Amino acid sequence: MISAVRGTRDILPDQVERWQRVEGVARRVCSRYGYYELRTPIIEREELFSKGTGESTDIVQKEMYSFDDKGGQRVTLRPEATPGIVRAFVEHALEQSLSVAKLFTLGPMFRYERPQKGRYRQFHQLNVEVFGVAEASLDAEVMEMACTLVGELGIDETELVINSVGCPSCRPAFSEALLKALGKDLPKLCVDCQRRAKTNPLRIFDCKVEADQPTIGRLPHSTDYLCDACREHFEAVQRYLRLYNQPFQLSHRLVRGLDYYTRTTFELLSSKLGAQNALLGGGRYDGLVKRLGGPDRPGIGFAAGLERLVLALPHSNDQMASDVFVAAIGPSAQDAVFVLARTLRVAGLRTLVDHKTRSAKAQMKRANRAGVRHVVILGDDELAAGEVTIKTMATGEQCKVARNQVVDILLSAS
RNA sequence: GUGAGUGUAGCUCAAGGGUAGAGCGCCGGUCUGUGGCACCGGAUGUUGGGGGUUCGAAUCCCCUCACUCACCCCA
């Protein structure tokens with residue numbers, strides 16, 4: 001047997017309804033907030049991610065599916081969507097053609113990681129991005145929309161956490177302050193923290209090692225080192241969130257793993273997901289468009305994990321169901337059943353027939369399992385009389401009606 | 001990349017050296033033109049794969065693969 005590649009999985013028919021619900025709500029909510037859908041390729045040049053996502057990130061250093069194509073070009077299965085969207089925005093000069101560049105996309109991403117609950121090698125994201133607006137009111141609108149989307153899916157027990165990681169003019173001072181505050185305590189921290197101190201000191205806040213917590217708890221906060229502009233922006237973001245009545249938690253330990261974030265960062269956490277508890281995460285990335293060769297435009301966005309949204313979705317009893325089963329009794333009715341089934345389908349009814357010749361009982365049993373509301377029975381008696389028998393499964397009642405009335409009756413009954 | 005746990009029928013799981021089982025599901029019958037309930041019958045396994053120990057391995061040992069959860073990282 002050939003099995004699915006590790007970390008990938010089939011979404012089976014009984015799960016697809018949940019996925020479509022998530023995708024449908026996502027599209028509707030985005031549309032209501034003025035976003036347009038954009039679809040970008042799944043493969044991009046590798047350099048898009050090394051430049052965009054950032055050379056120092058784990059994603060670029062060890063998680064990318066990269067290969068040389070037959071023409072010798074170095075390409076990568078996208079590990080995240082933002083760089084591709086920025087590329088498209090720049091490549092097609094979308095700020096010229098769109099009044100406001102509010103874009104969203106839905107699709108698969110690929111990261112070579114060890115799979116676990118809520119984490120797969122092929123996973124799916126909703127990405128939402130806005131280019132060209134620097135105002136704090138947009139930060140709040142984006143977060144409020146993310147929470148609304150999750151709320152409309154019926155997902156509860158969530159928490160919005162926000163932070164500000166500053167900008168290129170104030171962050172270096174903070175990194176320096178961090179290292180200074182650590183001082184002689186640094187060698188006492190775990191090996192990962194030692195590494196982080198060298199590559200990206202902010203990420204020390206991500207540490208979950210118990211023994212490190214007292215030391216980390218004494219470290220200064222990024223928000224104490226923000227420059228005036230960043231501090232004003234962050235305060236304004238909070239003011240707008242309150243204006244929207246959007247609850248949030250400040251977390252100075254929320255530092256995200258991608259290199260491009262500036263100022264606002266946020267995550268929406270769920271208590272129902274296990275260790276991978278972020279339903280969505282994002283932030284502002286004011287330097288990214290320029291870094292990827294475009295005009296100097298601010299940007300902000302977030303990515304939501306569709307697997308995680310589906311996982312957190314309340315369970316419902318929706319099941320796969322058709323409307324009608326057309327049963328043939330006796331071989332002479334077989335052709336008439338096929339023709340009638342086609343007529344019902346043209347009329348828009350979800351209709352099943354059995355292509356194997358089976359007893360009436362067997363067909364009824366199948367109809368019952370398929371969960372249809374009505375069974376239309378065609379046998380010698382009905383053929384002779386130009387009628388059909390309609391049986392309503394829930395009540396067991398049945399009646400005979402003229403052949404030419406079947407469609408109308410079934411349509412009004414379902 | 002690291003650690004732990006688990007791999008037996010479509011699914012959930014028994015059998016812990018001596019003939020591979022149950023429940024559910026599936027197919028059929030009792031009911032030759034009627035589902036659900038009941039009863040009866042039937043099909044389905046290289047016990048994840050490979051090697052070893054043994055007269056004999058689902059069972060013990062080694063290797064390997066996969067899954068799950070956690071670390072890491074992130075959606």
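A note on names: the letters A, B, ... follow the listed sequences, proteins ahead of strands, and every chain is numbered from 1. Fair warning: this is a prediction, and the values are worked out from it, not measured in the lab.
Between B:C55 and B:G49, the two P atoms lie 24 Å apart (nearest whole Å). Atom name P, nucleotides B:A43 and B:G52: the rounded distance is 34 Å, in whole Å. Using C1' as the reference atom, B:U59 and B:U6 are 16 Å apart when rounded to the nearest Å. Comparing B:U44 with B:C27, their C1' atoms sit 11 Å apart, to the nearest whole Å. Atom P of B:C37 sits at a distance of 34 Å from the matching atom of B:U47, rounded to the whole Å. Taking atom P in both B:A15 and B:G48, the straight-line distance is 15 Å, to the nearest Å. On the C1' atoms, B:C26 is 25 Å away from B:A58, given to the nearest whole Å. Of the C1' atoms belonging to B:G36 and B:G25, the separation is 16 Å, rounded to the nearest Å.
Atoms CZ and OG1, on A:Arg403 and A:Thr343 in that order, are 8.5 Å from each other to the nearest 0.5 Å.
Side-chain contact annotation: A:Asn127 with A:Thr105, donor-acceptor N/O pair under 3.5 Å absent. Donor-acceptor pairing under 3.5 Å is recorded for the side chains of A:Thr82 and A:Glu129. The closest side-chain donor-acceptor pair between A:Asn163 and A:Thr265, if any, does not fall under 3.5 angstrom. When only modelled atom types and interatomic distance are considered, A:Glu152 and A:Thr148 share no side-chain donor-acceptor pair under 3.5 Å.
Residue side chain A:Arg119 reaches the base of B:C73 through a donor-acceptor N/O pair under 3.5 Å, judged by distance alone. Evaluation of atom-type donor-acceptor distances gives no pair under 3.5 Å for the side chain of A:Arg114 against the base of B:C69. Between the side chain of A:Gln116 and the base of B:C72 there is at least one donor-acceptor pair of N/O atoms closer than 3.5 Å.
For the pair A:Glu80 and A:Arg78, the salt-bridge criterion is not met [side-chain N within less than 4.0 Å of a carboxylate O].
Residue contacts for A:Gly118: at a heavy-atom cut-off of 4.0 Å it reaches a base atom on one of the strands shown. Within the nucleic acid shown, A:Phe325 has no heavy atom closer than 4.0 Å to any nucleic acid atom. Residue-level contact check: A:Ala303 touches the backbone only, with heavy atoms under 4.0 Å from sugar-phosphate atoms and none from bases.
Judged by the 6.0 Å and 45° rule, A:Arg284 forms no cation-pi pair with A:Tyr261.
In this structure, A:Phe131 and A:Tyr285 have perpendicular ring planes: the angle between them is above 60°, well past the 30° mark.
The distance from atom CZ of A:Arg78 to atom C1' of B:A75 is 13 Å, rounded to the nearest whole Å. Rounded to a whole Å, the CD atom of A:Gln276 is 7 Å from the P atom of B:A70. One atom, CE of A:Met64, and another, C1' of B:G1, lie 17 Å apart when rounded to the nearest Å. The CG atom of A:Asn277 sits 10 Å away from the P atom of B:A70 (whole-angstrom rounding). The interatomic distance linking A:Met109 (CE) with B:C73 (C1') rounds to 17 Å, in whole Å. If you take OH of A:Tyr260 and P of B:C74, they are 11 Å apart, rounded to a whole angstrom. Atom CG of A:Asp58 is separated from atom C1' of B:A75 by 15 Å (rounded to the nearest Å). For the pair A:Tyr261 OH and B:C73 C1', the computed distance is 14 Å after rounding to whole Å.
Comparing A:Gly281 and A:Leu273 by the nucleotide of RNA chain B whose heavy atom lies nearest to each, the residue mapping closer to the 5' end is A:Leu273.
Here the nucleotide nearest the side chain of A:Phe123, chosen from B:C73, B:A75, B:U68, is B:A75. With B:A75, B:C74, B:C71 as the choices, the nucleotide that has an atom nearest any side-chain atom of A:Glu113 turns out to be B:A75.
Between B:C73 and A:Arg256, no contact under 4.0 Å exists linking OP1 or OP2 to a side-chain N or O.
Applying the 90° criterion around 0 to the glycosidic angle, B:G16 comes out syn.
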Short heteroatom pairs, N/O only, protein and nucleotides 27-35 of chain B, under 3.5 Å:
residue : atom : partner  : partner atom : Å
B:C27   : OP1  : A:Arg366 : NH2          : 3.3
B:C27   : OP2  : A:Arg369 : NH1          : 2.6
B:G28   : OP1  : A:Arg358 : NH1          : 3.3
B:C31   : O2   : A:Lys361 : NZ           : 3.1
B:G33   : O6   : A:Asp380 : N            : 3.4
B:G33   : O6   : A:Asp381 : N            : 2.8
B:G33   : O6   : A:Asp381 : OD1          : 3.0
B:G33   : O6   : A:Asp381 : OD2          : 2.9
B:G33   : N1   : A:Glu382 : OE1          : 2.8
B:G33   : N1   : A:Glu382 : OE2          : 3.3
B:G33   : N2   : A:Glu382 : OE2          : 2.5
B:U34   : O2   : A:Lys391 : NZ           : 3.0
B:U34   : O2   : A:Gln398 : OE1          : 3.3
B:U34   : N3   : A:Gln398 : OE1          : 3.0
B:U34   : N3   : A:Gln398 : NE2          : 3.2
B:U34   : O4   : A:Gln398 : NE2          : 2.9
B:G35   : OP1  : A:Lys361 : NZ           : 2.9
B:G35   : O2'  : A:Asn368 : ND2          : 3.0
B:G35   : N7   : A:Lys391 : NZ           : 3.2
B:G35   : O6   : A:Met393 : O            : 3.4
B:G35   : N1   : A:Met393 : O            : 2.4
B:G35   : N2   : A:Asn368 : OD1          : 3.1
B:G35   : N2   : A:Met393 : O            : 3.2
B:G35   : N3   : A:Asn368 : OD1          : 3.2

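Taking the six-membered ring for Trp and the full ring otherwise, the centers of A:Tyr112 and A:Tyr65 sit less than 6.0 Å from each other. Taking the six-membered ring for Trp and the full ring otherwise, A:Phe104 and A:Tyr35 have centroids separated by 6.0 Å or more. Annotation: A:Phe338 is in aromatic contact with A:His355 [ring centroid separation under 6.0 Å].
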So what is the 5' to 3' dot-bracket string for RNA chain B, if pairs are Watson-Crick or G-U wobble with both distances under 3.5 Å, crossing pairs use [ ] and | means the partner sits on another strand?
-> (((((((..((((....[..)))).(((((.......))))).....(((((..]....))))))))))))....

